[in-house]
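These notes are about the structure you will find just below.
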Amino acid sequence: MKERLYLDNCCFNRPYDDQLLLKNYLEAEAKTYIQKEILLGNYELAWSYIMDYEVSFNPFPDRQNQIVKWKNIATADIDESEKIIAMANEFRKMSVKAKDSLHLACAIEACCSYFITTDGKILSKRIEGIIIINPIDFIAAMEVHK
């Protein structure tokens, strides 16, 4: 079985951030490379109802349309459930924001190996059952395992 990945909303939006900042540029390039690997079938992508919710609030229709296309590529699409809410509530006790907690719970429910994000606050968390990693570090780890 291929490893399944969860890219959160800030990761999907990184290419739209200020690309003159080196960190943003490198993370955007890494995210694009990861998406290419998903399209090549080397990894699976998970999606969730909280991604649908957050993407629906993107004020830029062109960005919203580009991001939501990835839902059709995902091999798992997680809906809200009591289990997700309970898991997210546990993450909230660890000072994880509400939406981020739901993203993490959905990623775990989807059996993702990695939660890929550019959010520094989430990257500082350690959650049992999933590796939280930024796109650049994921690519470095991926290269080691080839």
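Sequence positions, counted from 1, serve as the residue numbers for this chain. Worth saying up front: this structure is predicted, and the values here are computed from it rather than measured.
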So, for Thr118 and Cys11, which heavy atoms are closest and what is the spacing to 0.1 Å? OG1-N, 4.0 Å
Output the distance between atom CG (Leu5) and atom CD (Gln35), rounded to the nearest 0.5 Å. 10.5 Å
Phe57/Tyr53 aromatic ring centres below 6.0 Å: yes
Interatomic distance, Lys36 atom NZ to Tyr33 atom OH [nearest 0.5 angstrom]: 5.0 Å
Could you walk me through whether Lys2 and Tyr43 pass side-chain contact (heavy atoms from CB on, under 4.5 Å), step by step? CA-CA 6 Å; Lys2 295 176 189 161; Tyr43 296 94; 5.8 Å; no
State yes or no: are the ring centers of Phe138 and Tyr114 separated by less than 6.0 Å? yes
Apply the side-chain contact (heavy atoms from CB on, under 4.5 Å) test between Ile132 and each candidate in Leu123, Asp8, Ile116; give the one that qualifies. Leu123
Smallest separation among heavy atoms of Arg14 and Asn24, with atom names: NH1-OD1, 3.0 Å
What are the two closest non-hydrogen atoms of Ala46 and Ala74, and how far apart are they? C-CB, 4.2 Å
Considering all heavy atoms, the nearest Val96-Arg92 contact: O-NH1, 2.7 Å
Are any side-chain N or O atoms of Lys71 and backbone N or O atoms of Asp52, one a donor and one an acceptor, separated by less than 3.5 Å? no
Just checking Tyr16: does its OH atom have more than 12 heavy atoms from other residues, nucleotides or ligands closer to it than 6.0 angstrom? yes
Enter the distance from Ile78:CD1 to Ile50:CD1 here, rounded to the nearest 0.5 Å. 13.5 Å
Say whether Phe60 and Met51 are linked into one hydrophobic cluster, either directly or through other cluster members, by side-chain heavy-atom distances under 4.5 angstrom. no
Does one hydrophobic cluster hold both Leu26 and Phe12, with members joined at side-chain heavy-atom distances below 4.5 Å? no
Report the C-alpha separation of Ile85 and Leu102 in whole Å, then their side-chain angles, then the decisive distance to 0.1 Å, and conclude whether the side-chain contact (heavy atoms from CB on, under 4.5 Å) test is met. CA-CA 7 Å; Ile85 300 301; Leu102 291 168; 3.9 Å; yes
Residues which pass side-chain hydrogen bond (donor to acceptor under 3.5 Å, both in side chains) with Lys93, listed by chain and number, not counting sequence neighbours: Glu90
Which heavy-atom pair separates Asn42 from Glu37 by the least distance, and what is that distance? ND2-OE1, 2.7 Å
Quick one: SG on Cys111 to CD1 on Ile130, what's the gap to the nearest 0.5 Å? 9.5 Å
Report the residues that fulfil side-chain hydrogen bond (donor to acceptor under 3.5 Å, both in side chains) with Trp70, sequence neighbours left out, ordered by chain and then residue number. none
Please say yes or no: joined through hydrophobic side-chain contacts below 4.5 Å, possibly via intermediate residues, are Ile122 and Ile136 part of one cluster? no
What's the spacing between Leu104 CG and Ile127 CD1 if we round to 0.5 Å? 5.5 Å
So which atom in Pro15 and which in Ala28 form the shortest heavy-atom distance, rounded to 0.1 Å? CA-CB, 3.7 Å
Any side chain to side chain donor-acceptor pair (under 3.5 Å) involving residues 96-107? Give me the pairs, sequence neighbours left out, ordered by first then second residue. Tyr6-His103, Glu54-His103
Does anything in residues 119-138 form a side chain to side chain donor-acceptor pair (under 3.5 Å)? List the pairs, not counting sequence neighbours. Glu27-Asn134
Give every residue pair that meets the side chain to side chain donor-acceptor pair (under 3.5 Å) criterion with at least one member in residues 76-88, sequence neighbours excluded. Lys83-Glu109
Under the side chain to side chain donor-acceptor pair (under 3.5 Å) rule, what pairs show up with a residue in residues 55-66, not counting sequence neighbours? Asn13-Asn58
Roughly how far apart are Tyr25 OH and Leu21 CG, rounded to 0.5 Å? 13.5 Å
